[in-house]
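Atoms within a ligand are numbered from 1 in the order they appear, just like the ligands themselves. Values in this document were obtained by computation on a predicted structure and should not be read as measured data.
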Amino acid sequence: MEEIKNSEEKKGFFKRLAEKIKANKGKTIVISVVAFVLISAIIALCCLNAYVFNRFATGIVPTDEDLEAVAGTYKRVVIIGVDGTGGYPGEMLDDDEGSLPNFKKLFVDGTMTKNGTKLNASLTYEGIAVYPTISAQNWTSMFRGVRPPYHGITGSSSNKELSEGKQPNEKYPSFVKVVLDAHSEAKAISSCTWDAVNNGTIEDSPRVIKMNTDCTALDDIVSGREELTGKGAAELTKEIRDVTAVDGFADPDYNLRDAVTVQRIIGSTTTEDAEDYEIIYMHLNQVDSAGHSYGYNKQAYARAVSRVDLLIGRLYDAFDGAGMADDTLFVFCTDHGHRYLQDGPGHGGNRDVEVEVTFAVSGKSVKQGTMGKYVNTDLASIVTYALGVKSPDVWQGRVPFDTFTALE
Ligand SMILES: [Zn+2]
């Protein structure tokens with residue numbers, strides 16, 4: 001008797017399990033199917049969470065009272081769009097606090113204008129791009145407040161199509177159109193090194209000035225067909241002429257084209273005879289170009305971000321010099337990051353370095369510190385809120401928590 005019991009105990013766990021399964025065949029099949037369905041559902045939910053839910057905005061929809069309270073705080077929103085920067089400025093500042101002095105002053109620490117207004121900064125390096133992490137999809141989501149299946153700029157040829165003038169679904173207007181529709185006197189200006197945002201994303205209107213800094217722009221400046229104006233114009237013109245004198249041609253490199261893109265804004269908005277624009281947009285391309293050539297985190301990529309930092313300084317100085325920084329909301333945004341060189345440079349996928357984006361605002365009603373969850377569809381709602389304009393119900397973006405003191 002004792003021996004039989006011992007041998008029973010010695011039977012392996014799996015053997016006993018097999019015997020039990022044999023005895024309860026029907027029951028086992030049901031349990032297995034249920035377990036399979038449950039595990040599949042959990043895996044599907046995890047994937048959905050990564051690909052879909054994580055990209056859902058979770059911030060605030062300002063009420064009519066919120067909009068009344070903020071109205072008049074800002075005369076304009078200045079948006080510095082830097083293609084392909086990802087969360088990299090955060091890594092640069094972690095490595096070397098002094099590496100991006102202008103970005104740090106305006107968008108990390110906050111700063112005091114020459115007239116004594118404190119501009120506070122709210123930022124994140126862990127904002128989330130829409131999927132796929134392609135430029136056309138993301139910039140259109142940023143301007144139109146909805147994810148790609150809604151605005152309709154989708155597919156792997158989207159950059160080319162948008163550049164050639166493909167129009168997003170008009171059911172989802174850009175923040176430019178929403179502000180101009182709400183403010184009948186308002187005007188907007190958009191200066192882009194990459195032309196797709198002007199050609200496709202932003203609707204045409206007699207009250208929107210669009211400028212694309214194409215490859216011939218530098219030749220025009222060298223030959224005198226275009227004269228740059230505003231603070232820093234003479235120095236930039238000399239730099240372009242010097243490069244041309246050495247190379248024998250105007251190098252269509254993005255470095256100088258981005259500088260012209262910013263200088264055109266300085267000349268159009270901060271000089272004595274300049275127009276008053278409520279929305280001022282710039283699109284810079286040299287960081288994305290460096291990412292495609294060398295990969296995320298490489299020296300050339302870091303140098304491109306540093307050169308953009310100089311342009312941010314030049315832009316801010318021109319605004320502050322003209323006494324316009326006090327009632328401006330400054331925005332820094334980017335569409336996506338880049339892969340490391342060893343993974344094949346480029347973007348479009350779901351790696352953290354492709355998905356995570358830097359997003360920052362600086363202005364007198366901004367809540368100093370780290371903002372709540374930001375996704376790229378949120379840009380549109382932030383711009384309209386700052387200008388006291390109601391965002392369309394169809395937008396999916398929100399104003400992230402901890403961005404503005406008056407919104408809690
Ligand atoms: Zn891009």
Count of N, O or S atoms belonging to protein, less than 2.8 Å from the Zn ion (ligand 1)
4
Pairs where residues 100-121 contributes a residue and the test salt bridge (charged side-chain N to carboxylate O under 4.0 Å, His left out) is met, not counting sequence neighbours:
E97-K104, K104-D109
Return each pair, listed once, that meets ring pair (Phe, Tyr, Trp, His ring centres under 6.0 Å) where at least one residue sits in residues 259-279; pairs must be two or more places apart or across chains.
none
Taking the ring centre of each residue, are F143 and Y281 less than 6.0 Å apart?
yes
How about T328 and R76: does a side-chain donor come under 3.5 Å of a side-chain acceptor?
yes
With sequence neighbours excluded, tell me which residues meet side-chain contact (heavy atoms from CB on, under 4.5 Å) with T117.
T113, L119, D326, K364
Nearest non-hydrogen partners of D335 and G84, listed with the distance
OD1-N, 2.8 Å
